[in-house]
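Worksheet: one structure, shown below.
Just follow the structure's listing: the first ligand is 1, and inside any ligand the first atom is 1. Source: prediction; values computed, not measured. Every heavy atom of this structure was used, including side-chain atoms; hydrogens, water molecules and symmetry mates were not.
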Amino acid sequence: MKANEVLDNLKRRFPNEPEYHQAVAEVLGTIEEAYNEHPEFEKSNLIERLCIPDRIFSFRVTWTDDKGQVQTNMGYRIQHNNTIGPYKGGIRFHASVNQSILKFLAFEQTFKNSLTTLPMGGGKGGADFSPRGKSNAEIMRFCQAFVLELWRHIGPDTDVPAGDIGVGGREVAYMYGMYKKLARENTGTFTGKGIEFGGSLIRPEATGYGNVYFLLEMLKTRNIDIKGKVVAVSGSGNVAQYTVEKLIELGAKPVTMSDSDGYIYDPEGIDREKLDYIMELKNLYRGRIREYAEKYGCKYVQGARPWGEKCDIAMPSATQNELTGDDAKALLANGCFAVSEGANMPSTPDAIDAFLEAKILYAPGKAANAGGVSVSGLEMTQNAMKLSWTREEVDEKLKGIMKSIHEQCVKYGSKDGYINYVKGANVAGFMKVAKGMMAQGIL
Ligand code: GLU
């Protein structure tokens with residue numbers, strides 16, 4: 001297999017899908033060597049079978065807004081690969097959603113889920129619906145209309161959706177309610193459900209906590225203590241909030257958060273009380289991060305991301321391609337020595353190259369943010385067993401999973417004393433799916 005040829009071919013067959021090409025390019029570039037050690041892979045064209053999703057559903061979602069206007073959006077579900085378990089991955093509601101973005105996310109999810117050690121395949125879905133400024137009733141009607149199409153493609157042993165950008169506990173609950181009406185079963189086909197109806201403790205916290213647990217494992221390899229370290233976090237949604245919560249608990253100093261309008265820089269550090277304010281602002285009033293700066297009298301920068309601020313550690317937790325090559329250079333020039341990704345593919349290829357060249361601790365999202373889907377996997381287990389575990393039990397399991405993902409990265413990514421977590425995560429995630437595909441025949 002020649003990575004460039006495979007990529008060119010995919011670009012020709014699926015033009016105008018830049019995010020999908022980007023995600024595939026990043027993986028192919030690092031697995032080429034491992035792949036070519038197995039001629040049987042090439043013989044069965046494993047690489048194309050792995051890069052091209054099993055199937056894609058796309059559908060119109062029709063709903064009525066509060067003014068009585070009938071609105072349409074496009075909804076999708078990408079079932080990428082189910083070699084090691086049912087398709088599993090979130091649903092994203094955001095104006096930017098299109099097939100390219102969901103294909104990149106479903107592709108990434110397949111490798112990420114493989115790394116978790118749990119039996120989950122990869123999938124992703126969503127709609128180009130923007131929850132911004134919508135009333136609760138509009139959100140409910142949209143979720144119901146979305147599931148009216150989606151429900152026939154999903155099930156507890158076939159495809160289990162969850163949340164992502166724009167989809168949290170409220171949206172999952174509305175979707176699950178509608179799903180149950182249509183499917184007439186109660187087996188937990190969504191994860192991220194409310195705790196009263198089959199959800200798992202620690203699921204809301206899991207992505208952020210998991211990312212900090214992964215960071216701790218990385219720091220351990222260089223004997224660095226997290227206490228007192230200045231951390232730049234981007235985003236202010238679920239992942240960013242629980243990243244900051246865990247950082248505060250461990251004595252680190254998170255100094256930035258952001259939303260799509262701009263970022264705040266609080267040199268004193270975001271403490272527990274300030275984080276409570278952000279959680280209320282974002283989860284309840286659905287306000288803007290700018291209001292934090294007004295309340296606490298700190299710096300707010302409109303239309304920018306926080307990577308120019310001095311920090312020891314960066315944790316991008318907003319969205320794809322939010323950290324460019326120039327941002328990476330700025331971080332490195334300011335002494336940043338670790339980057340751990342809470343979002344999916346937040347660093348551009350240039351940024352990744354800069355981090356690897358500088359040999360800093362750099363964890364790609366598919367390893368560092370796998371805690372979210374891991375606890376989703378644990379939610380599926382609890383649903384199947386019809387019982388629920390305590391916070392402590394789930395948290396311990398999450399820690400164990402993040403540690404094991406780190407070990408896999410070390411095993412497949414170490415060379416000349418440097419751990420290349422990109423290569424480690426890609427090769428480890430790939431090998432498991434590839435072996436499963438080979439065993440199951442040409443499908
Ligand atoms: N959307 C999350 C992710 O990117 C979680 C998916 C899930 O829980 O299924 O991994």
Side-chain angles (χ1 to χ4, degrees), residues 19 23 76-82 84-94 97 101-127 150 154-156 158-169 171-173 175-176 188-193 198-211 214 235 237-243 316-320 322 340-346 363-383 394 397-398 401-402 405 425 429:
E19 294 85 1
Y76 307 86
R77 184 72 182 166
I78 316 255
Q79 295 183 336
H80 190 88
N81 187 296
N82 68 350
I84 58 182
Y87 302 106
K88 179 83 197 85
I91 300 275
R92 177 176 292 193
F93 290 163
H94 193 268
V97 162
I101 289 182
L102 295 180
K103 275 175 77 174
F104 116 63
L105 289 163
F107 176 83
E108 287 279 298
Q109 197 82 44
T110 301
F111 295 89
K112 184 197 309 195
N113 293 3
S114 165
L115 286 170
T116 64
T117 70
L118 303 174
M120 297 182 289
K124 204 86 187 191
L150 180 71
I154 60 176
T158 51
D159 185 351
V160 183
D164 195 78
I165 292 172
V167 176
E171 291 75 15
V172 166
M175 287 194 274
Y176 187 54
T189 294
F190 281 76
T191 62
K193 299 183 293 293
S200 175
L201 291 165
I202 304 282
R203 177 61 191 88
E205 294 90 338
T207 313
Y209 281 17
N211 191 10
F214 194 90
N238 165 273
V239 180
Q241 289 174 20
Y242 288 104
T243 298
S317 309
T319 193
Q320 69 270 0
E322 56 161 317
S340 203
E341 297 182 341
N344 290 312
M345 206 169 77
K366 67 169 78 65
N369 75 33
V373 75
S374 298
V375 176
S376 277
L378 300 178
E379 182 172 331
M380 289 164 71
T381 309
Q382 293 169 80
N383 290 166
V394 180
K397 287 185 166 60
L398 171 62
I401 290 169
M402 298 317 294
I405 297 174

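Protein residues lining ligand 1, listed by chain and number: Lys88, Gly89, Gly90, Gln109, Lys112, Lys124, Ala162, Gly163, Asp164, Arg203, Asn344, Val373, Ser376 [non-hydrogen atoms, distance under 4.0 Å].
The aromatic ring centres of Tyr87 and His80 sit 6.0 Å or more apart.
A salt bridge is absent between Lys88 and Asp159; no separation between the charged side-chain nitrogens and carboxylate oxygens falls under 4.0 Å. Classification of Glu108 and Lys366 as a salt-bridged pair holds, one side-chain N sitting under 4.0 Å from a carboxylate O.
Under the salt bridge (Lys or Arg N to Asp or Glu O under 4.0 Å) criterion, Lys103 pairs with Glu17, not counting sequence neighbours.
Lys193 and Asn383 share a donor-acceptor pair across their side chains, judged by distance under 3.5 Å alone. Using modelled atom types, one finds a donor on one side chain and an acceptor on the other under 3.5 Å when comparing Ser340 with Asn211.
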